[in-house]
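The next block holds one structure in the form of structure tokens; read it before the comments.
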Amino acid sequence: MKTINSILKTVLVLSFTIVAFIANAQVKPANPPAGFKHQYATVNGVKIHYVIGGQGEPLLLVHGFGQNWYMWNRLLPELSKHFTIVAPDLRGVGESAKPVGGYDKKTMSTDLHELMKSLGFKNINLVGHDIGLMVAYAYAAQYPDDVKKVALLDALLPGVEPVWSQVRSQAWWFGFFGMPHSGEIVDGKAGLFLTNFWPIVGYVKEPFTKAETDEFIRAYSVPGATTGAFNWFAAFNQDAVDNVELMKKKLPMPLLAMGSDHLAGAFLADHSKLVAENVKEVIIHDSGHWIVQEQTAQVQKGLLDFFLDK
């Protein structure tokens, strides 16, 4: 009897160990390419997770909603041949902190400015997609002497008219995401939510790999992440007020407006000219909003041409 009990006890211990191992494997962040590593820093009062690698001038890559740092994964091997890449998770999602406040884009951009300072980087190149576009603009507008070039990818700026009001009235998700309890409604259902949302603004069918899909869902399944990410939208009214003030002084550095032909390409260059003096346009063809995944080669070429051009 003792032998049987011992065997059963051992089996139970092994079973729990295996279950725990599987659970931990499922929540572990995706690995970056060779030569990159996960790092953490506490800056501007919040913990920020980021991936870093490469060599050369610093290039900060800022993701948007529905994705995290991993949205840049396909581009990292080639970009890192020319630049030291820093790809963070914005406050509110993934492994970065999820504080109650601070989701206006001026504060979020200060997170990243302090991060780059902590790494010893001052004069940087900067890319932002979607919400990351808004953060990148706030970074460049607040710290123009610290930004050499900036690329804004497939979104728009709160408060910059006439496009802002038109898009906001048509994009129903802006309103839903910004409601006080939307994050709680979606909490625990990030996979169901994201897989239904992604196609709404996409063009290419199933542009994400399984690894990308799994990582994005994992990042938004971290406790507090749906609320944190939706707070980016809840702050749009404040962002609009801030941008109306910031745009009184146009960005002096070269700006790349990269929009998809099935979404922001129709307006992004003209939109950007309202806030910047020197705007170059690149249209990504046969693409919707998820341009990095839908047309990877076009995006990579556009970014390299812009940032390597002396």
Side-chain angles (χ1 to χ4, degrees), residues 50-51 54 56-65 67 69 71-76 78-88 90 105 108-109 112-113 115-116 121 123-157 160 163 243 246-247 250-261 263-285 287-310:
Y50 61 98
V51 166
E57 295 181 352
L59 176 61
L60 175 62
L61 304 177
V62 191
H63 71 86
F65 178 79
Q67 300 177 295
W69 73 268
M71 71 161 285
W72 308 107
N73 200 56
R74 299 186 194 183
L75 303 181
L76 296 184
E78 185 61 34
L79 293 182
S80 64
K81 296 176 183 178
H82 311 277
F83 302 97
T84 298
I85 306 296
V86 179
L90 291 169
K105 307 314 171 288
M108 292 174 69
S109 69
L112 303 188
H113 184 255
L115 171 63
M116 298 304 277
F121 299 138
N123 296 312
I124 73 162
N125 295 294
L126 177 58
V127 183
H129 174 256
D130 186 79
I131 294 292
L133 172 155
M134 303 174 188
V135 175
Y137 170 69
Y139 190 125
Q142 290 187 101
Y143 313 105
D145 293 339
D146 296 348
V147 178
K148 297 179 66 175
K149 293 183 178 181
V150 58
L152 304 183
L153 276 54
D154 212 70
L156 74 165
L157 294 169
V160 178
V163 175
N243 287 342
L246 290 172
M247 67 185 289
K250 288 192 173 183
L251 299 182
M253 75 289 294
L255 183 151
L256 174 64
M258 180 182 285
S260 63
D261 59 354
L263 205 68
F267 59 78
L268 184 55
D270 289 340
H271 191 67
S272 299
K273 289 174 183 177
L274 297 173
V275 302
E277 296 174 352
N278 181 3
V279 177
K280 177 183 179 180
E281 179 181 28
V282 167
I283 299 294
I284 303 301
H285 296 282
S287 181
H289 182 57
W290 315 108
I291 58 174
V292 172
Q293 285 73 41
E294 295 187 50
Q295 297 296 342
T296 307
Q298 290 184 50
V299 173
Q300 180 170 284
K301 182 180 186 304
L303 292 177
L304 287 174
D305 288 349
F306 177 67
F307 286 110
L308 294 178
D309 181 21
K310 301 300 182 181

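These numbers come from a predicted model, not from an experiment.
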* Please check if the side chain of Glu294 supplies one atom and the backbone of Gly288 the other of a donor-acceptor pair under 3.5 Å. => yes
* If we only count heavy atoms from C-beta on, is the Asn243 to Val275 side-chain gap below 4.5 Å? -> no
* Asked: To the nearest 0.5 Å, how far apart are CD1 in Ile284 and CH2 in Trp290?
  -> 15.5 Å
* Asked: Got a second to check how far Trp69's CH2 is from Leu76's CG, nearest 0.5 Å?
  -> 6.5 Å
* Would you please test Leu61 and Val86 for side-chain contact (heavy atoms from CB on, under 4.5 Å) and show each step? => CA-CA 6 Å; Leu61 304 177; Val86 179; over 6 Å; no
* Structure fact -> For Thr84 and Phe121, the nearest pair of non-hydrogen atoms, with its separation, is CG2-CZ, 3.9 Å
* N/O donor-acceptor pair under 3.5 Å between His63 side chain and His129 backbone -> no
* Let me know which of Ile131, Leu90, Leu153 forms a side chain to side chain contact (heavy atoms under 4.5 Å, CB included) with Val62. => Leu90
* Grab the two heavy atoms, one from Val163 and one from His271, that are nearest each other, plus how far apart they are. => CB-ND1, 3.8 Å
* Show the numbers, then the answer: is there a side-chain contact (heavy atoms from CB on, under 4.5 Å) between Leu59 and Leu79? => CA-CA 9 Å; Leu59 176 61; Leu79 293 182; 4.2 Å; yes
* Asked: Going by the side-chain hydrogen bond (donor to acceptor under 3.5 Å, both in side chains) test, which pairs reach into residues 140-155, not counting sequence neighbours?
  -> Glu57-Lys148, Ser109-Gln142, Thr110-Tyr143, His113-Asp146, Lys122-Asp146, Asp154-Ser260, Asp154-His289
* To do: Measure the spacing between NZ of Lys250 and OG of Ser272 and express it to the nearest 0.5 Å.
  => 10.5 Å
* In Å, rounded to the nearest 0.5 Å, how long is the span from CG of Leu308 to CG of Leu303? -> 10.0 Å
* Could you tell me the separation between the CD atom of Gln293 and the CH2 atom of Trp72, rounded to the nearest 0.5 Å? => 9.0 Å
* Option from Leu126, Leu112, Leu60 for which side chain to side chain contact (heavy atoms under 4.5 Å, CB included) with Val135 holds -> Leu112
* Looking only at heavy atoms, what is the nearest atom pair of Leu133 and Ala155, with distance? -> CD1-N, 3.6 Å
* To do: Could you walk me through whether Arg74 and Glu78 pass the side-chain contact (heavy atoms from CB on, under 4.5 Å) test, one step at a time?
  => CA-CA 8 Å; Arg74 299 186 194 183; Glu78 185 61 34; over 6 Å; no
* Is any side-chain heavy atom of Val127 closer than 4.5 Å to a side-chain heavy atom of Asn125? -> no
* Structure fact -> For Asp305 and Asp309, the nearest pair of non-hydrogen atoms, with its separation, is O-CB, 3.2 Å
* Does a side-chain heavy-atom distance below 4.5 Å link Leu115 with Pro88? -> yes
* Find the distance between CG (Leu268) and CG (Leu263) and round it off to the nearest 0.5 Å. => 10.0 Å
* Identify the heavy atoms of Gln295 and Ser287 that sit nearest to each other, and give their distance. => CG-CB, 3.7 Å
* Asked: Yes or no on side-chain contact (heavy atoms from CB on, under 4.5 Å) for Phe307 and Leu256, after CA distance, side-chain angles and deciding distance?
  -> CA-CA 9 Å; Phe307 286 110; Leu256 174 64; 5.5 Å; no
* Structure fact -> Between Tyr139 and Ile124 the two heavy atoms that sit nearest each other are OH-CD1, 3.4 Å
* Asked: With sequence neighbours left out, which residue pairs that include part of residues 273-285 fulfil the side-chain hydrogen bond (donor to acceptor under 3.5 Å, both in side chains) condition?
  -> none
